[in-house]
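Below you'll find the structure, written out as structure tokens, and then a few comments.
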Amino acid sequence: MAMLLFLAACGGQASPRPVATSSPATASATSEASGQCSGQPTPAQTEGPYFKPGSPTRTSLVEPGMAGTRLALSGRVLSRDCRPIAGARLDFWQADASGSYDNAGYRLRGNQTSESDGRYALDTVVPGEYPGRTEHIHVKVQPAGGGTLTTQLYFPGVSRNQQDSIFDPHLLVTMQNAATGKAAIFDFVTSG
């Protein structure tokens, strides 16, 4: 079932875009590339203390019995001239629904490569608030042969956003309810 989502995450004007919410793979395959792009690079943010190299390649971070609201995150990796970037590596890591990071293994950590149209799709859970921080997902985006953008994504309507010292409203995902939880969209614009 498709639902109408609005794409404003890359800093441009919002533009309607239908997205299938049954799974990120379906969303990626059926989305139209009609979102607008400002060409402004996605703001970089701190890596934080919990990045761990060597995450497994996967499009779903959800494990059996995992607590939390399911989140289907999808979008595109774009150049500053708003062209899709194929083959960009996206590395995701986050806290679980209770705000805890797995520092011993690779729970809620994974990487993937953007498709030929720049699209990526990730199944995960909405992260909990880590002490002193609002809900967020860490991301590293690295186009083939290019520099790495390290940033964080945030969620609209979270009361702690304004209390978080590094919160940036330019990094808010566009989010809607979905049949299985939540669906979110964010396009990354890289400068290299």
Side-chain angles (χ1 to χ4, degrees), residues 2 5-12 14-45 47 51-62 70-94 106 108-127 136-155 168 170-176 178 182-192:
L5 297 178
F6 294 93
L7 175 63
C10 72
S15 174
R17 183 169 111 184
V19 175
T21 58
S22 58
S23 74
T26 304
S28 178
T30 62
S31 296
E32 295 176 3
S34 62
Q36 292 184 358
C37 168
S38 70
Q40 294 298 313
T42 300
Q45 288 207 320
E47 177 179 279
F51 174 70
K52 188 175 178 182
S55 68
T57 300
R58 57 186 173 181
T59 59
S60 179
L61 305 182
V62 178
R70 298 298 184 258
L71 175 67
L73 173 65
S74 62
R76 300 173 295 167
V77 178
L78 303 169
S79 64
R80 289 195 65 182
D81 62 359
C82 300
R83 294 179 190 214
I85 298 177
R89 179 186 166 107
L90 296 102
D91 207 334
F92 298 94
W93 70 102
Q94 68 176 81
Y106 289 97
L108 291 169
R109 298 172 185 270
N111 75 79
Q112 61 181 270
T113 304
S114 62
E115 301 294 331
S116 61
D117 59 0
R119 295 199 181 276
Y120 71 90
L122 180 73
D123 277 323
T124 187
V125 295
V126 175
H136 62 283
I137 296 176
H138 295 268
V139 188
K140 285 183 178 282
V141 182
Q142 183 177 20
T148 301
L149 164 67
T150 301
T151 195
Q152 299 178 37
L153 300 180
Y154 299 96
F155 299 89
D168 184 337
H170 294 99
L171 297 170
L172 283 168
V173 299
T174 301
M175 195 152 72
Q176 297 288 326
K182 300 284 184 181
I185 293 177
F186 192 88
D187 285 353
F188 297 97
V189 178
T190 68
S191 58

>> Out of the candidates T113, T59, L73, only one should pair with Y120 under the side-chain contact (heavy atoms from CB on, under 4.5 Å) rule; please name it.
In response: L73

> Do the charged groups of E115 and R76 touch, with an N to O distance under 4.0 Å?
Replying inline: no

> Between the side chain of T151 and the main-chain N/O of P43, is any donor-acceptor distance below 3.5 Å?
Replying inline: yes

> Is the shortest heavy-atom distance from the side chain of F188 to the side chain of L78 under 4.5 Å?
Replying inline: no

>> What I'd like to find out is whether the side chain of P127 reaches to under 4.5 Å of the side chain of H136, using heavy atoms alone.
In response: no

> To the nearest 0.5 Å, how far apart are CD in E47 and OG1 in T148?
Replying inline: 10.0 Å

> Taking all atoms of both residues into account, what is the closest heavy-atom pair of F186 and H170, and its distance?
Replying inline: CE1-O, 3.7 Å

> What's the shortest heavy-atom distance between C37 and V189, and which atoms?
Replying inline: SG-CG2, 3.9 Å

> Rounded to the nearest 0.5 Å, how far does CD of Q142 lie from CD1 of I85?
Replying inline: 11.5 Å

>> Is a donor from one side chain sitting under 3.5 angstrom from an acceptor on the other, for K140 and T150?
In response: yes

> Minimum heavy-atom separation for S116 to A86, with atom names?
Replying inline: CA-CB, 3.6 Å

> Rounded to the nearest 0.5 Å, how far does CD1 of I137 lie from CZ of F92?
Replying inline: 7.5 Å

> Who passes side chain to side chain donor-acceptor pair (under 3.5 Å) against T124, sequence neighbours left out?
Replying inline: Q94

> Distance from D123 atom CG to R58 atom CZ, nearest 0.5 Å?
Replying inline: 11.5 Å

> About how many Å separate CD of Q36 and CG of D187, when rounded to the nearest 0.5 Å?
Replying inline: 11.5 Å

> Between G75 and I185, what is the shortest heavy-atom contact and its length?
Replying inline: CA-CG2, 4.5 Å

> Do you know which two heavy atoms are closest between L122 and S60, and how far apart they sit?
Replying inline: CD1-N, 4.5 Å

>> Donor-acceptor check, side chain of R109 to backbone of G54, threshold 3.5 angstrom: yes or no?
In response: no

>> So, taking the atom named CG in L90 and the one named OG1 in T57, what distance separates them when rounded to the nearest 0.5 Å?
In response: 11.5 Å

>> Holding to salt bridge (Lys or Arg N to Asp or Glu O under 4.0 Å), I want the full list of residues that pass it with K182, two or more places apart in sequence or in another chain.
In response: none

>> Any side-chain to backbone donor/acceptor pair from S114 onto A88? Under 3.5 Å, distance only.
In response: yes

> Can you find a heavy atom in the side chain of V141 that is under 4.5 Å from one in the side chain of R89?
Replying inline: no

> Within a strict 4.5 Å, meaning less than it, do heavy atoms of the Y106 and L61 side chains meet?
Replying inline: no

>> Are the side chains of V139 and D91 in contact, using a 4.5 Å heavy-atom criterion?
In response: no

> Any side-chain heavy atom of T190 sitting closer than 4.5 Å to one from T42?
Replying inline: no

> Which heavy atom of S55 sits nearest a heavy atom of G110, and at what distance?
Replying inline: OG-C, 3.5 Å

>> Can you list everything that forms a side chain to side chain donor-acceptor pair (under 3.5 Å) with Q152? Sequence neighbours excluded, please.
In response: R133, Y154

> Do L71 and V125 come close enough that some side-chain heavy atom pair is under 4.5 Å?
Replying inline: no

